[in-house]
There are 2 protein chains.
Amino acid sequence: MEASEILRNHKLKKTSPRVAIIEALQSSPLPMGEDEISSMMGSHYDRTTFYRSALTLEEAGILHRIVIDKLLVKYALNEGRHNNAVRSNHAHFFCNHCQKLICLENIHPGPYRLPEGFQSQASEVIIKGLCSKCN
Amino acid sequence: MEASEILRNHKLKKTSPRVAIIEALQSSPLPMGEDEISSMMGSHYDRTTFYRSALTLEEAGILHRIVIDKLLVKYALNEGRHNNAVRSNHAHFFCNHCQKLICLENIHPGPYRLPEGFQSQASEVIIKGLCSKCN
DNA sequence: CTACATTTGCAACATTGTTGCAATTGCAAT
DNA sequence: ATTGCAATTGCAACAATGTTGCAAATGTAG
């Protein structure tokens, strides 16, 4: 789906940084860090704008932010292409050797049985190890 | 168990920062951030030393470092008291309101069925939401 | 007690992210 | 198409967490 259509579907203004972020992520098979997105977006790139745009897109459910470790954050698009189907929660695998982050679409963690009175709003599963290429 | 005994068991030198970190964490029922540990350790506190000591203790399996989100990291002791029993993997709950991190000792995620050739070395489950007090 | 490897403390720097504010831009209404 | 105005951007400054290099201090084995 085109970036402008995604933005329109979520009633967000079509601005160049938003379009650029979406297109950068669409062009990559794997989640990317800010550094990678930045280099794809070229010179006209402001870090504050990136963070604010990414936050807006995250709040709209368009993208997903995964914190692997301090100083290591990756972004991925939620491929909620099929109408507004909320994408099912899935685990992430981080390769300690090649530093790639891979979405494990077929691992659906939870639901978790929380203690009385606790309410879950989001959850994240990160499995670290060696991927098939580095093993 | 006393800090000095823990260090001896792991063949680590007994140094004052290490002892202070262990005692700070022992005195708290919840994992703490660097800021909290720092204020418990008083003035003679160097951030570099803290990070290096925490890393040493983590590598020895004495403590556990949980990244909740960028700019929000908590540390907890692995209570591997009973000999060298590796503490079973457990999930963490982070309250979006009061910012407390709670170990959910009775939620044991995994094992996960990884794709062919992948090898798991560690995993982390963070559930975010509202705790019973803030709900 | 001594030797020596380990650890600490300091300074400088790196990465990721946030806040305030003025200037610009997208878009809806005319 | 033009205009008005809220939303967004870009810049500067700052915040939190963490790393690296290196000289000085410290723990401990012998």
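Looking only at distances, a side-chain donor or acceptor of B:E36 sits under 3.5 Å from a matching main-chain atom of B:G33. Side-chain atoms of B:H10 come within 3.5 Å of backbone N or O of B:A60 as a donor-acceptor pair.
Residue A:Y51 has no polar side-chain atom (N or O) positioned under 4.0 Å from OP1 or OP2 of C:dT18. Note on A:R65: a side-chain N or O is less than 4.0 Å away from OP1 or OP2 of C:dG17.
Between B:F93 and A:F118, the two ring planes are perpendicular [angle over 60°; tilted spans 30° to 60°].
Atom CD1 of B:I37 and atom C1' of D:dG18 are 14 Å apart (whole Å). Distance A:L12 CG to C:dG26 C1': 13 Å, rounded to the nearest Å. Put simply, NZ on A:K14 is 13 Å from P on C:dA28, counting in whole angstrom units. Rounded to a whole Å, the CZ atom of B:F50 is 17 Å from the P atom of C:dT7. Here the C1' atom of nucleotide D:dA7 and the CD atom of A:E59 are 14 Å apart, to the nearest Å. A straight line from CD1 of B:I68 to P of D:dA16 spans 16 Å, rounded to a whole angstrom. In this structure, B:K13 atom NZ and C:dA5 atom P are separated by 10 Å, rounded to whole Å. Rounded to whole angstrom, the span from the CG atom of A:L55 across to the P atom of C:dT19 amounts to 10 Å.
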| query | Where do A:L30 and A:L101 land on the side chain to side chain contact (heavy atoms under 4.5 Å, CB included) test, with the steps shown first? | reply | CA-CA 7 Å; A:L30 294 179; A:L101 184 73; over 6 Å; no
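Considering every non-hydrogen atom in both A:C131 and A:C95, the closest pair reads N-SG, 3.5 Å.
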| query | Which letter, B, S or -, goes with each nucleotide of nucleotides 8-13 of chain C from 5' to 3', with contact meaning a protein heavy atom under 4.0 Å? | reply | BBBB--
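Salt-bridge formation is not detected for the pair A:K128/B:E124: no Lys NZ or Arg NE/NH1/NH2 atom is positioned less than 4.0 Å from an Asp or Glu carboxylate oxygen.
Defining each end axis of the helix from C:dC1-D:dG30 to C:dT30-D:dA1 as the rotation carrying four pairs' C1' atoms onto the next four, with five pairs an end, the two axes are found to diverge by 40° to 10 degrees.
Contact of the A:H97 side chain with the A:K133 side chain is not registered, since no non-hydrogen atoms from C-beta on lie closer than 4.5 Å. In this structure, the side chains of B:Q26 and B:I6 come closer than 4.5 Å at one or more pairs of heavy atoms.
Applying the 6.0 Å contact sphere to CD of A:Q121 captures more than 12 heavy atoms from other residues, nucleotides or ligands.
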